[in-house]
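The residues of the chain are indexed from 1 along the displayed sequence. If you're wondering where the values come from, they're calculated on a predicted model, not measured in any experiment.
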Amino acid sequence: MADATPFERPRITVGPHTFDALACGPADGELVLLLHGWPEFADSWSALLPALGAAGYRALAVDQRGYSPAARPPRIADYAVPELVADALAFADAQGADRFHLVGHDWGGLVAWALAGAHPERLASLTVLATPHPEALNRAAAGDPEQHHRLDYVRFFRRDDGAAESALLADAAARLRAAYGGKVPAELVEANVRRLSEPGALTATLNWYRAPEAVISVPAGRIAAPTLFLWGSEDIALGRRAAESTGEWVDGPYRFEALEGVSHWLPEEVPALVAPEILDHLAGNRLG
């Protein structure tokens, strides 16, 4: 059967690694690079990519390091945040984009904050879904016992003895499936579980948690890019205190939207709410 999706499926080679990707929109459109979180892939953006492409942007979502089978290095250190940031910049370079719009969710949001702090000259705009600025999250976890314990799952994932992999994949991956909270379409959950059950895949994705020196040890400075931050009030991992204090780390134009009654899984759960917010932000920060 012919593929009915509207996506192009480019492959991007960066050094020894080759990344699978999804793309929409004209090749000469302003680049919007979308970075997924855990345990997701580029297709977590499936409901948003066509809207971006239809608006004239070149929308590119990539299965990042550890998620693409041909970009799965063996060492935990290979998944350090500077490596992930370098990958994202290389994705933009491969599209010929000196400056671009960056959108990140969950772990992709952490990478986005780090990239924006270190390379402000590359960004026309920044959009982050769910994930507070790392310094805001670190401060909240240090001062708020509830936020500290919300991150207990991260402490478990940081174990490199195989316990997390075994627990997540046991009983037909029951705990992995439960992580989505019933908010992600069933077909995406099944596709994610299948891909993360491949040999070495889940370990590679958990290495994102293991590479930092501490639970919340993501280098991210102050943010100069025009920034949109969207957060769901029912996020079980990332609480309101960190979300509401994120703006203290943004020096550029900043807009924070709390989506009441919405969970962590914004790109999949409420794309009809998220897409107009992102499109409005992009339109106000066009290149040139």
Side-chain angles (χ1 to χ4, degrees), residues 32-42 44-45 48 60-67 79 81-82 84-85 87-89 91 100-120 122-123 125-141 147 150-151 153-154 157 179 183-184 205 208-209 211-212 215-223 225-233 235-240 242-250 252 254-259 262-271 274 277-278 281-282:
V32 182
L33 176 62
L34 300 107
L35 304 178
H36 64 79
W38 185 92
E40 300 164 294
F41 293 81
S44 65
W45 301 107
L48 293 171
L60 178 71
V62 183
D63 291 340
Q64 295 177 84
R65 180 175 293 231
Y67 294 83
Y79 298 85
V81 170
L84 306 174
V85 168
D87 286 344
L89 292 172
F91 302 153
F100 59 98
H101 304 276
L102 182 59
V103 181
H105 171 243
D106 184 75
W107 247 111
L110 290 175
V111 175
W113 287 120
L115 190 157
H119 302 278
R122 296 298 302 270
L123 294 189
S125 74
L126 173 67
T127 302
V128 178
L129 281 60
T131 318
H133 188 284
E135 294 296 341
L137 183 55
N138 192 30
R139 187 168 60 186
Q147 180 60 77
R150 283 175 184 243
L151 299 175
Y153 76 98
V154 177
F157 288 176
K183 302 298 184 180
V184 174
T205 69
W208 286 48
Y209 292 94
V215 171
I216 311 168
S217 181
V218 174
R222 302 197 65 82
I223 307 301
T227 299
L228 170 66
F229 177 38
L230 303 176
W231 169 82
S233 67
D235 195 310
I236 65 171
L238 306 166
R240 185 176 295 271
E244 292 182 343
S245 63
T246 284
E248 297 174 22
W249 297 91
V250 181
Y254 178 66
R255 185 159 63 91
F256 168 57
E257 293 291 341
L259 304 179
V262 176
S263 80
H264 176 78
W265 307 98
L266 302 180
E268 301 101 328
E269 182 184 357
V270 288
V274 169
E277 295 280 1
I278 295 177
H281 184 54
L282 298 179

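A donor-acceptor pair under 3.5 Å is formed between the side chain of Arg222 and the backbone N or O of Glu248. Listed for the Asp106 side chain is no donor-acceptor partner under 3.5 Å among the backbone atoms of Gly108. Although no hydrogens or angles enter the test, the distance criterion places a donor-acceptor pair under 3.5 Å between the side chain of Arg150 and the main chain of Asp235. Under the 3.5 Å distance criterion, the side-chain polar atoms of Trp113 are matched with a main-chain donor or acceptor of Thr131. No side-chain donor-acceptor contact under 3.5 Å links Trp208 to the backbone of Gly37. Looking only at distances, a side-chain donor or acceptor of His133 sits under 3.5 Å from a matching main-chain atom of Gly221.
Taking every heavy atom of both residues into account, Leu35 and Trp45 meet most closely at O-CZ2, 3.3 Å. Between Pro132 and Ala243 the shortest heavy-atom distance is CG-N, 4.0 Å. Of all heavy-atom pairs between Leu266 and Leu230, the closest is CD1-O, 3.5 Å. Of all non-hydrogen atoms in Glu269 and Val262, the two that sit nearest each other are OE1-CG1, 3.7 Å. Scanning both residues, Leu123 and Ala225, for their nearest heavy atoms gives CB-CB, 4.2 Å. Between Lys183 and Ser263, the shortest heavy-atom distance links the atoms CG-OG, 3.3 Å.
Within the 4.5 Å cutoff, no side-chain heavy atoms of Gln64 are placed close to those of Trp107. With a 4.5 Å cut-off on side-chain heavy atoms, Pro134 and Leu110 count as touching. The side-chain heavy atoms of Leu228 and Leu282, taken from C-beta on, include no pair separated by under 4.5 Å. A heavy-atom distance below 4.5 Å is found between the side chains of Arg139 and Ser245. Counting heavy atoms from C-beta outward, His264 and Ile236 have side chains that stay 4.5 Å or more apart. Contact of the Pro39 side chain with the Thr205 side chain is not registered, since no non-hydrogen atoms from C-beta on lie closer than 4.5 Å.
Scanning for side-chain hydrogen bond (donor to acceptor under 3.5 Å, both in side chains) contacts around Gln147 gives an empty result, with sequence neighbours left out. For Asn138, the side-chain contact (heavy atoms from CB on, under 4.5 Å) partners at least two apart in sequence or on another chain are Glu135, Ile216. For Glu268, there are no side-chain hydrogen bond (donor to acceptor under 3.5 Å, both in side chains) partners, not counting sequence neighbours.
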| Can you check side chain to side chain contact (heavy atoms under 4.5 Å, CB included) on Glu244 and Trp231, steps first, answer last? | CA-CA 9 Å; Glu244 292 182 343; Trp231 169 82; 5.7 Å; no
